[in-house]
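Order of the sequence lines fixes the chain letters, A, B, ..., with proteins taken first and strands second; residue numbering starts at 1 for each chain. A quick note: this is a predicted structure, and the numbers were derived from the prediction, not measured.
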Protein chains: 2
Amino acid sequence: MTKDISITEVAKRAGVSIATVSRVFHNRGPVKESTRRKIESIIEETGYTPNQLARELANKKTQLIGLIVHDFTGEGLPRAINGVNQIVEDQGYHVLMTSTRGNLDSELRNFEILRSKRVEGIIFATRSFKKEHQEIIEKLPIPVVVMLQDTTENGISSVFFQNKQFAYDATKALLGMNHRQLAFFGGPSASVNSSHRKDGFIQAFMEAGMTPDDKMVKHGDFSIESGYIQMNKLLALKKPFTALVTINDAVAIGAINCLLDHGMRIPEDVSIIALDKTVVADASRVQLSAVSYSYQDLGIQAAKLLVKQIGSGNKTIEQIKIDYDVHLQDSTQRLNVKE
Amino acid sequence: MTKDISITEVAKRAGVSIATVSRVFHNRGPVKESTRRKIESIIEETGYTPNQLARELANKKTQLIGLIVHDFTGEGLPRAINGVNQIVEDQGYHVLMTSTRGNLDSELRNFEILRSKRVEGIIFATRSFKKEHQEIIEKLPIPVVVMLQDTTENGISSVFFQNKQFAYDATKALLGMNHRQLAFFGGPSASVNSSHRKDGFIQAFMEAGMTPDDKMVKHGDFSIESGYIQMNKLLALKKPFTALVTINDAVAIGAINCLLDHGMRIPEDVSIIALDKTVVADASRVQLSAVSYSYQDLGIQAAKLLVKQIGSGNKTIEQIKIDYDVHLQDSTQRLNVKE
DNA sequence: TTGTAGGCGTTATCAG
DNA sequence: CTGATAACGCCTACAA
């Protein structure tokens, strides 16, 4: 339980001025070898650590970046946060974290709080980007990078997944395997990412000259249980379908479990492709065909972009799209066309 | 892109002294109504936000707590972090987060960094608590709470799960169902928590008057895949067993999938109980019997304890054990004893 | 009701 | 080589 000691105290004990102590501590400027040693030994025995607050006040640099997220759970976000932290620490920055529970007021307040803490930049992850966000960000004297949403139109840099694009690709893959009766299990209808994925699904569908049946497009949340429930409802409709696109792997597993419980087989009876692949996918008894993309990379790119903007001082708007892969494994199968 | 403005600047524009501006901003002390309005309008139009650094320097309070974790991923930790953040923000504190990738040097360095940032307390989550940690913590002028390990013996407050106890209870439950040939799938042998759970398993086993067979105790990691691999190895031994205790639900699912792939049935052929229940458990086709405890609560308790210690200024050593439940569901079954 | 001034712990500039 | 001293932005007596 050593108490914190100030540079003045060290100087006093060494019988020198604080300027000299500072020089010794930072190895800069000339110092006579004997006094240097004297000071060093005092620093050692007192356990002196410079007060970063004072230091930061003096050079107007906090080496802090702020992070605003809904919460810290979920399959992907923690990985993204990890990516952010990794990059940021490598650059000598630290992360001040805040969570908002998705509450708009809380989000806006967090921008204020982080600003008053003089963070040098902010990474903001949100499920839905609103005008209020844009307004507050515009007034901020520091760069902001949005994660998970494309905010290019709002004049703000962002790093995000290509939701519509990969949903389109995945759907095309199913169509290419001769499937024509497709279902889609989305997330909450309020989720922007979910609706973009739905858009991709529908676009591929329509380009194939078909009109999607509203009844085949369901909404739930991102959980395994939700997949199970949605599938139960779908089966109750007694409408034929040969393939399914799900918002993520958890929902796919729920759907698969439900199908298996009804005595159906994957992929013989139904082909399934998931639009997100996390560790949960490993739990599937059928190797899941899925679109995958790296949350870690999402965080890394966001952090790199932010640090770059902090360094260059300019706020040019950049847009970074994270790559994805469509992996076809055992849960999808070519449909034999019966004439 | 409003620039940050200082209190001096506001005072200048309002034609008053900074003391008056301060009074207005904090609503304290008497201020003439007209000058108050004048100042308020200037604060409004300049978007003045007090510089927390300067403020904190002046009152020697940062309202910051530090968090040191291995990384931000995993099933449980993000929930714990969420719990921490929730409590801490409610109390007007903020969290400075650092991750160490399990590297000892990095852990020690993070203590120094956080200290120099003058956080008022630290929450440290680690997989193995070492002497080096103890030494550095003892020298810190601020309270530290360790999460996930019992560090009472090291004279440091901690909040943790009752690993040995619940492993013992779970094993007893199986023994109570007449199972006598038990296997145990642990995590990495270096994991302290894993070895405590193994201890509980072995103790229950020995209390029943039996000696555990080393071959039936396996080590891997915490993943679904690891469960699958360990089960494959176990089956290769061709040793009979009727029940299995796994380090967590993911490993249980891997083991179950492997058993199902070998044409065996759960729980008819093997009863399984997992020593941790997270969202992954939902993916199991057989409702998993498992021990469950709240990671969120772990974080909440740790944060509450830390805030309390910061407030009271004393560093009394406290120990908080998180409660658990043993839920017996469909993956375990009473064994019919054949005479 | 308002202003002055010292202090918080550093950094940095400029004399000695 | 070394030491004053003015910032940095704010708080808080204490004076006026």
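Side-chain contact between A:H133 and A:L104 is present, with heavy atoms from C-beta onward closer than 4.5 Å. Taking 4.5 Å as the limit, some side-chain heavy atom of B:F111 sits within range of a side-chain heavy atom of B:L140. Within the 4.5 Å cutoff, side-chain heavy atoms of A:I43 are placed close to those of A:V10.
Atom CD1 in A:I43 sits about 16 Å away from atom P in C:dG9, given to the nearest Å. Straight-line distance from the NZ atom of B:K12 to the C1' atom of C:dG3: 16 Å, rounded to whole Å.
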Study note, to complete from the structure: Letter by letter from the 5' end, nucleotides 3-16 of chain D scores (B base, S sugar-phosphate only, - none; protein heavy atoms under 4.0 Å) BB---BBBBB----
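Comparing the start and finish of the helix from C:dT1-D:dA16 to C:dG16-D:dC1, five pairs each, the helix axis swings through 50°, to the nearest 10 degrees.
For A:R36, the CZ atom counts as densely surrounded, since its 6.0 Å shell holds more than 12 non-hydrogen atoms of other residues, nucleotides or ligands. No more than 12 heavy atoms of other residues, nucleotides or ligands shown are found within 6.0 angstrom of CD on A:E153.
Between the B:Q162 side chain and the B:I322 main chain, a donor and an acceptor come within less than 3.5 Å of each other.
The one candidate from B:K60, B:K117, B:R118, B:K139 that meets the salt bridge (Lys or Arg N to Asp or Glu O under 4.0 Å) condition with A:D4 is B:R118.
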Check your understanding: Please walk me through it: do A:Y93 and A:Q63 pass side chain to side chain contact (heavy atoms under 4.5 Å, CB included)?
Key -> CA-CA 5 Å; A:Y93 284 85; A:Q63 295 294 108; 4.2 Å; yes
